[in-house]
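A quick write-up on the structure given underneath.
Source: prediction; values computed, not measured. Naming: A, B, ... by sequence-line order, numbering from 1 per chain.
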Amino acid sequence: MIRHKSIGVIGILLLLIFTSGCIISAQNTTQLEPVPAEQINSMDAALYPLTYLIAKDMEQACCLVGKTARELDGVPTDDPAVELTLLKLRRDIPFSFEAGLFDKNDTLIASTENLGKSIEIGVGKAPNHYTAEELKAAEPACIVSGYSMLLHGDNGFTFTTAVYDAQGNYNGTLRVGINTWSLFSGINEYLRNEYGYTIWVAQPDGLVIYDKDTDEIGRNLITDELYVSETLKDAVELILKKESGNSSYLFYDSTWVNSTQTNVVWDTVYPGYGMEWRLVLTDNVPAKTETETTATPTTEELKSFVEKAYVYAQTHTKEEALHAFNDQNGEFIDGELYIFAYDMDGTILALPYQPGLIGSNRWLMEDSSGVKILQRMIARAQQGGGCVNYMTANPDHQYAQEFKLSYVMPVDDTWFIGAGIYLQENPLSQNHYLSWTEHEDMTYQVRNMQYLAKKEGIESVIEMIKDPDSELQIEGLYPFAVTENGTDLADALKPELEGTNQLGMTNSLGMSIAREVISLAQAGGGWMYGLWGIPPENEEEYVLIYVEPIDVSVYVASLIILG
Amino acid sequence: MAISLVITVILILVASLGGLLFGASIIFDQSLNDPDVLVHPAISGNDMIITIYEGGRVTELAQISLEIEGYAPVVQNVPGGATEIVYVGIASQVTGTRAVGVRGIFTDGSMKILKIIDFKFT
């Protein structure tokens, strides 16, 4: 695992650094206040280990890509070793999307993606073309692309390196898509929870490639109308011009109404050939509220609230219904409850407290654990509706990240509505967070099962799931395998389920975990939360699950208990 | 003379079209505001739950036929005042994406499709 060696050292370093100093932020200011040198020093001290960590991650990932390319030199595309080698590479870079082999004309000839169906072998074209000379000049490093939509539809960047034939002639490229959200969000959660800072990351052209607020990712700091304030323009100019430094600017707080002073320090990371990133650490983090101020509606009240909106939507035109749902003084706002509405492609139709976002698309929006919020909601709506869990900002608690339970219903095949409540009793709402090492361990375990299933056969993987001492096992994680029809093939947490059909097994929220897992696997894999009975008492607790397909009929997953 | 005739014909056409659109809009609005019976199907494990909300003929609803694409329809009685009809185990073998239809059978013997929607069972 790439990051494990550095984590302990960095953790201790940060702990020592933060034993002194406090963070002061000028709220609702209209002009910039001077920042004490002590604060800048504290922020710098937090930033530099992270710059090192990210640079190290990139260097090691690039090394793996280069090493894999050498293993693929001269190997015919139809050799089974190609698929195995690509799966191993994807397993070993946990923040990767997919790995693919392309010919000299940038056409995809082999890929790790097997169920996503978004990339067609022999048809899919790489978005960037590099000449053999450019690739040679980059060696032994990889060329790092700019942030953009990748071949399979997600956004990120790619590592690219040359592959040669048996005679040493240039024969094409090996490319690995990297998930910037996965790369940075674990670090961001660590900083936010332990020290009250967050990060954002930008390319020299001003494109934001990571921000704690997904709605800002992909915007350009230089040209986007969101970033028009004079102080911000000045700060952006400085950040993009200088490799490191500190500055302050006025920008919206989490309400997107009030302006507050944000103090930043930044440094530069060189992720590979042809790219550099500004890693910017900010101090504008809302503190989590410890006490509950208002009574949270029950799940039944939540459901009734959404059903009332459903009846309204069914008995009025879509236009009338959306007008009512977007009315901040209307009948569809009740305490913390409000109705949201989305198209089945993730486009926002109603969001009463953030009207400026209506029309924007959230299909790719992920929470801090990697759960694609809209995709899970849509999957649930397409089952007739039900409950969905995810982490999101709570406006009642200074927009702190908290665990939310939403209830969604489809109005018809084209759009759905929902509302949610924050679950204060959930550990993820109370300063507990999933560390990036746990997240990477889960990714590794599942992708290792994919790799071993190809290498040794699915039966071998099933036996390893059952064996608590097998090489597959990682402490605190529970692997399992299920068929497309819902039959449990092996289950490390509940071995007694082996051979039973799980489609009908529901939790207290009426959710069939098996149906959700299958739906997620058939969409290409990903992350989801679920409420699940935990042995020996079978008491329900929230779990996080990562799922990947082995093939069209067998899916593997890993589960961690969020407690 | 010819010009006034043409104008008269155009006026008649415009008035007819306007009346047609107005009538259609009233019919559309009425169907939205006063559905026979407003229902919603949802999956819960292997069960399907039909929730009955409201509608002009809700008191006349005698039976509901649940129709899943590729499977035989299953009819259940609707007790007076019922707001939920549960089809236990009906989805136990159902996977993938299928159309789901809910047909209402009324006390006078008439039938009407109350809902058709695509479901992703897995």
Fill in: Within 6.0 angstrom of A:Glu539 CD, more than 12 heavy atoms from elsewhere
no
Practice prompt. Check each of B:His40, B:Glu54, B:Lys115 against A:Gln314 using the side chain to side chain contact (heavy atoms under 4.5 Å, CB included) test, and report the only one that passes.
Written response: B:Lys115
Item to complete: Might you confirm whether atom CD of A:Glu319 has over 12 heavy atoms from other residues, nucleotides or ligands at distances under 6.0 Å?
Response: no
Item to complete: Go through the atoms of B:Val39 and report whether side chain, backbone, both or neither lie under 4.5 Å from a heavy atom of chain A.
Response: backbone
Discussion item. Below 4.5 Å, heavy-atom pairs only: which of A:Gly386, A:Ser512, A:Pro410 has the largest tally toward chain B?
Written reply: A:Pro410
Worksheet item: Which region of B:Thr51, side chain (C-beta onward) or backbone (N, CA, C, O), has a non-hydrogen atom less than 4.5 Å from a non-hydrogen atom of chain A, or is it both or neither?
Response: side chain
Worksheet item: In terms of heavy-atom pairs under 4.5 Å with chain A, which of B:Asn46, B:Ile43, B:Ile116 leads?
Response: B:Asn46
Worksheet, complete the sentence: Between B:Pro35 and A:Thr315, the two heavy atoms sitting closest are CD-CG2, 4.1 Å
Worksheet entry | Atom group of A:Ser519 that falls short of 4.5 Å from chain B, counting heavy atoms | both
Item to complete: Measure distances from B:Val100 to the heavy atoms of chain A and classify the residue's part below 4.5 Å as side chain, backbone, both or neither.
Response: neither
Worksheet item: Are A:Gln522 and B:Thr122 close enough, and set up right, to give a side chain to side chain contact (heavy atoms under 4.5 Å, CB included), and what steps lead you there?
Response: CA-CA 8 Å; A:Gln522 290 179 342; B:Thr122 50; 4.0 Å; yes
Discussion item. Counting only heavy atoms from other residues, nucleotides and ligands, does the tally under 6.0 Å from CD of A:Glu541 exceed 12?
Written reply: yes
Worksheet item: Any side-chain heavy atom of A:Asp412 within less than 4.5 Å of one from B:Ile117?
Response: no
Worksheet item: How far does OG of B:Ser44 sit from CG of A:Leu509, to the nearest 0.5 angstrom?
Response: 10.0 Å
Worksheet item: About how many Å separate CD1 of A:Ile518 and NZ of B:Lys120, when rounded to the nearest 0.5 Å?
Response: 14.0 Å
Discussion item. Is the shortest side-chain heavy-atom distance between B:Ser92 and A:Leu503 below 4.5 Å?
Written reply: no
Fill in: B:Tyr53 and A:Tyr310 aromatic ring geometry - parallel, tilted or perpendicular at 30°/60° bounds
tilted
Worksheet item: What part of A:Gln502 gets closer than 4.5 Å to chain B, counting heavy atoms only: side chain, backbone, both or neither?
Response: neither
